[in-house]
Amino acid sequence: FSDIHLTSGGKEIIGLDPLGRLKLALHDALYNHPDAQHIVFTGDLAHDGDFNAYQSLRKVTQEIKIPITFMMGNHDNRTIFSQVFPSVVFDINNFLQSSSSIDSYELLFLDTLQAPAILSEKHEGFLCEKRLGWLDKKLENSKQKKVIIFMHHPPFPVGFKAMDKIGLNNSKIFFSILKKYHHVIHIISGHIHRTIFGHINGFGFSIFKSTCHQMPMQLDSENVKLSIIESGAYGLLLLQPDGLVV
């Protein structure tokens with residue numbers, strides 16, 4: 001699931017109820033795919049990074065028995081999230097980065113939040129030296145696995161002029177680390193609110209739509225706040241012995 005953008009006090013986003021949309025998506029996923037081994041939320045959990053929005057997320061997910069990984073997006077706030085989810089473990093540098101193994105796969109979850117939206121107008125993604133060091137070490141220690149990297153901000157331009165300005169702003173060093181190894185098979189991102197698949201810098205990638213509001217197909221617009229009402233979506237990853245199906 002990506003870009004669920006939960007709000008407080010019944011606040012709508014372009015006339016949509018983010019919590020209601022998430023509940024529909026979760027119901028559909030849990031009904032149709034009860035055999036899922038892992039659930040991932042790839043950031044922008046809360047639209048304004050506020051306490052009540054994270055409380056709503058906790059309430060709607062607390063009865064789910066499938067393991068869940070939560071990630072940070074540019075609209076999130078690490079401190080407030082940790083207050084609502086005290087059991088979620090941050091890494092040694094207090095970033096929400098983690099990993100999980102499923103059969104022959106290693107899933108790496110990166111924290112690309114530069115600064116909470118309520119504290120900064122910078123919605124670009126960023127991986128500091130400590131986070132990049134964590135990634136490098138994890139890749140070094142997982143050479144016997146097929147690695148899938150999850151990150152909120154895409155580390156490459158996707159063709160939407162506005163969103164490309166607030167992607168990962170140090171993507172060159174990110175890819176320089178990945179290219180040291182040969183077992184990263186795919187990159188999963190969110191942020192764009194649009195389904196996008198492709199291959200770049202030698203890596204396959206997938207980006208999923210929001211469960212709430214979507215990005216209209218106005219590629220040349222420089223307005224990052226453009227939104228349109230369309231069906232929400234979630235993604236499925238089928239980890240097979242001989243490859244990945246998205």
Side-chain angles (χ1 to χ4, degrees), residues 1-50 52-64 66-76 81 109 112 117 123 125 148 150-154 158-160 162-163 166-167 186-198 205-219 221 223-238 245-246:
F1 298 90
S2 191
D3 298 276
I4 61 178
H5 284 265
L6 299 186
T7 58
S8 297
K11 178 182 176 182
E12 294 184 336
I13 299 177
I14 64 168
L16 299 173
D17 172 18
L19 180 58
R21 300 274 281 195
L22 174 61
K23 288 179 178 179
L24 286 172
L26 282 171
H27 174 78
D28 186 270
L30 294 172
Y31 178 80
N32 287 297
H33 313 288
D35 59 336
Q37 291 179 263
H38 205 100
I39 295 173
V40 183
F41 286 86
T42 58
D44 279 0
L45 308 174
H47 188 63
D48 298 308
D50 64 288
N52 290 334
Y54 291 126
Q55 278 194 319
S56 294
L57 178 60
R58 186 183 66 183
K59 289 177 182 178
V60 81
T61 58
Q62 63 185 358
E63 300 300 325
I64 295 175
I66 302 167
I68 298 175
T69 293
F70 296 108
M71 297 172 61
M72 294 285 96
N74 49 294
H75 283 262
D76 288 308
F81 172 83
F109 308 102
T112 59
H123 284 270
I148 303 171
F150 294 76
M151 53 200 303
H152 180 74
H153 293 81
V158 298
F160 285 95
M163 299 305 292
I166 57 171
H186 211 73
I187 299 170
I188 303 288
S189 296
H191 192 48
I192 310 299
H193 295 230
R194 178 59 55 184
T195 303
I196 306 172
F197 300 94
F205 71 85
S206 301
I207 301 172
F208 300 123
K209 292 175 75 175
S210 165
T211 55
C212 187
H213 52 296
Q214 313 308 331
M215 171 66 72
M217 294 294 291
Q218 299 177 27
L219 301 186
S221 174
N223 182 4
V224 298
K225 295 183 179 181
L226 284 180
S227 296
I228 190 171
I229 296 176
E230 288 185 7
S231 297
Y234 58 87
L236 294 175
L237 276 66
L238 308 181
V245 174
V246 181

Chemist: For Y234 and A25, work out which heavy atoms get closest and say how close.
Modeler: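 The answer is CE2-O, 3.8 Å.
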
Chemist: Test H193 against M163 for side-chain contact (heavy atoms from CB on, under 4.5 Å), laying out the working first.
Modeler: CA-CA 10 Å; H193 295 230; M163 299 305 292; 5.7 Å; no

Chemist: On a heavy-atom basis, which atom in S8 and which in N52 lie closest, and how many Å separate them?
Modeler: OG-CB, 3.2 Å

Chemist: List the atom of Q214, the atom of S231, and the distance in Å for their closest heavy-atom pair.
Modeler: NE2-O, 3.6 Å

Chemist: Could you tell me the separation between the OG1 atom of T211 and the CG atom of L22, rounded to the nearest 0.5 Å?
Modeler: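 Reported value, rounded in 0.5 Å steps: 5.0 Å.
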
Chemist: Hey, does the side chain of D44 reach the backbone of H75 with a donor-acceptor pair shorter than 3.5 angstrom?
Modeler: yes

Chemist: Between D3 and H152, is the side-chain contact (heavy atoms from CB on, under 4.5 Å) condition met? List the steps.
Modeler: CA-CA 9 Å; D3 298 276; H152 180 74; 3.2 Å; yes

Chemist: Looking at F197, I want to see if its CZ is surrounded by more than 12 non-hydrogen atoms of other residues, nucleotides or ligands under 6.0 Å.
Modeler: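 Atom CZ in F197 is crowded, with more than 12 foreign heavy atoms closer than 6.0 Å.
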
Chemist: Rounded to the nearest 0.5 Å, what separation is found between the CD1 atom of I148 and the CD1 atom of I188?
Modeler: 6.5 Å

Chemist: To the nearest 0.5 Å, tell me how far L19 CG sits from S56 OG.
Modeler: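 One finds 5.0 Å between CG of L19 and OG of S56.
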
Chemist: Looking only at non-hydrogen atoms, find the nearest pair between A46 and A53 and report the distance.
Modeler: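 Heavy-atom minimum between the residues: CB-CB, 3.7 Å.
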
Chemist: State whether a side-chain donor-acceptor pair under 3.5 Å links H213 with H47.
Modeler: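 H213 vs H47: no donor-acceptor pair found between side chains.
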
Chemist: Could you grab the distance from atom CZ of R21 to atom CG of L26, nearest 0.5 Å is fine?
Modeler: 13.5 Å

Chemist: Applying side-chain contact (heavy atoms from CB on, under 4.5 Å) to F160 and V224, what does each step give before you reach the verdict?
Modeler: CA-CA 9 Å; F160 285 95; V224 298; over 6 Å; no

Chemist: Determine whether the side chains of S206 and H186 contain a donor N or O and an acceptor N or O closer than 3.5 Å.
Modeler: yes

Chemist: Work out which heavy atom in P18 is nearest to a heavy atom in I4; give both atom names and the distance.
Modeler: CB-O, 3.5 Å

Chemist: Which of these, F1, F70, F109, sits in a side-chain contact (heavy atoms from CB on, under 4.5 Å) with V40?
Modeler: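 So, applying the side-chain contact (heavy atoms from CB on, under 4.5 Å) to V40 and each of F1, F70, F109, only F109 qualifies.
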
Chemist: Which heavy atom of S221 sits nearest to which heavy atom of L226, and what is that distance?
Modeler: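 It is OG-CD1, 3.1 Å.
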
Chemist: Run the numbers on L237 and H38 for side-chain contact (heavy atoms from CB on, under 4.5 Å), then give the verdict.
Modeler: CA-CA 10 Å; L237 276 66; H38 205 100; over 6 Å; no

Chemist: Would you check if the side chain of T112 reaches a backbone N or O of M151 as a donor-acceptor pair within less than 3.5 Å?
Modeler: no

Chemist: Given 3.5 Å as the limit, does a donor-acceptor pair link the side chain of D76 with the main chain of G49, or not?
Modeler: no

Chemist: Just verifying a value: how many Å separate F150 CZ and T69 OG1, rounded to the nearest 0.5 Å?
Modeler: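 The CZ atom of F150 sits 8.5 Å away from the OG1 atom of T69.
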
Chemist: Going from CG on L45 to NE2 on H5, what distance comes out if it is rounded to the nearest 0.5 angstrom?
Modeler: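 Answer for the CG-NE2 pair, L45 versus H5, is 9.5 Å.
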
